[in-house]
Asks: 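I have a structure here, written as structure tokens, and I will follow up with some questions on it.
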Amino acid sequence: MKNLLLNNENGILTITINRPDKLNALNTETIQELKQTFLDIFEDESVKGIIIVGSGTKAFVAGADITEFIGLTPEEGQKLSAEGQEVFDRIELFSKPVIAAVNGFALGGGCELAMACHLRVASDNAKFGQPEVKLGLIPGYGGTQRLVQLIGKGKAMEYLMTAEMISAEQAERWGLVNYVTTPEQLIPKCVELLNKILMQSPVAIHGIVNSVSDYFTEGLDGFIGENIEFGTCFGSEDFKEGTSAFIEKRKPVFTGK
Ligand code: COA
């Protein structure tokens, strides 16, 4: 990978977006590398959970790479958006937990990438924003949709229309991030959260991802989705192990089968 650093420690894969001289802006090559990475790790049993972070101390991701926008036709713009949306949807629906470690600017596509992750932890120097309107654009990687889901329509409208950046604390108050930490505690907090999740049944975690996503998917009834996922759990080894462990008053050892 040219623009991503990958490091697996004890089953937690840290994906570092590594274009620090461009504040980790997402060019199409980086988006494609993200797509490939999530395809590669889908069936990789050595990867249990994922952290996405930006290289350096200044930015998580300062947006899509604006230099690639120049001269695009409406059709090409729509294609760029569709490709980005596909990758971010893949992250949102990923069967293993994905946490964004927001270590600086999370602007435009950077904020959208963080929102596509299952959870967000921000360092106290992080800044969030969807400044696309300043460029005569709107967000194109799911920002108008996921922001409404996370913070509600009224605040989302203000955030999208004013292009103003907000602090990590404000983002936490609005429900855009789960936790704010010092820069030093950012990755340890993500690891702590992932370890809590990784103690649970991977089958059930996948069911949670699917069911919660169904709530927001046009044409899907989340209650029906939940009903199917609930039933699926009963056919799993994890369910047998979880209930046996409860009866036998011991900790379960889940296999994700
Ligand atoms: N796309 C392409 N390049 C970007 C970028 C982006 N989204 N964001 C930053 N960069 C580049 C800058 O062009 C600069 O490159 P250069 O050194 O070759 O000139 C480098 O990253 C450093 O950025 P710079 O603007 O000098 O840093 P700063 O501290 O003065 O400002 C920001 C930081 C984040 C406020 C500013 O870079 C910015 O506004 N970026 C664009 C944010 C944006 O609109 N994102 C949404 C895109 S849809």
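One-based numbering, in listed order, for ligands and for the atoms of each. Each residue takes its place number in the sequence, starting with 1.
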Asks: Please determine whether any non-hydrogen atom of K134 lies less than 4.0 Å from an atom of ligand 1.
Replies: no

Asks: Under 4.0 Å from atom 38 (C) of ligand 1, is there at least one protein heavy atom?
Replies: no

Asks: Quiz question: by atom type and distance under 3.5 Å, do the side chains of N210 and S213 form a donor-acceptor pair?
Replies: no

Asks: Answer yes or no for atom 44 (O) of ligand 1: protein heavy atom present at a distance under 4.0 Å?
Replies: yes

Asks: Do we see a donor-acceptor contact under 3.5 Å between the side chains of T16 and N18?
Replies: no

Asks: Output the list of atoms in ligand 1 that are nearer than 4.0 Å to some heavy atom of L107, sorted by atom number.
Replies: 34 (C), 42 (C)

Asks: Protein heavy atom under 4.0 angstrom of atom 10 (N) of ligand 1, is there one?
Replies: yes

Asks: Checking the N or O distance criterion of under 3.5 Å, is ligand 1 in contact with I66?
Replies: yes

Asks: Please check if a non-hydrogen protein atom sits closer than 4.0 Å to atom 13 (O) of ligand 1.
Replies: no

Asks: Centroid separation under 6.0 Å, is that true for the rings of F38 and F94?
Replies: yes

Asks: Any nitrogen or oxygen of A64, side chain or backbone, less than 3.5 Å from one on ligand 1?
Replies: yes

Asks: Taking atom 19 (O) of ligand 1 as the reference point, report whether a protein heavy atom occurs under 4.0 Å from it.
Replies: no

Asks: Pairs of nitrogen or oxygen atoms closer than 3.5 Å, one from T67 and one from ligand 1: do any exist?
Replies: no

Asks: Which is it for D21 and ligand 1 at heavy atoms under 4.0 Å: side chain, backbone, both or neither?
Replies: backbone

Asks: Would you say K22 has any N or O atom under 3.5 Å from an N or O of ligand 1, going by distance alone?
Replies: yes

Asks: Would a 4.0 Å cut-off, counted as strictly less than, catch a protein heavy atom around atom 30 (O) of ligand 1?
Replies: no

Asks: Would you verify that at least one protein heavy atom lies under 4.0 Å from atom 26 (O) of ligand 1, or report that none does?
Replies: no

Asks: Please check whether A62 reaches ligand 1 - meaning an N/O of the residue sits under 3.5 Å from an N/O of the ligand, judged on distance alone.
Replies: yes

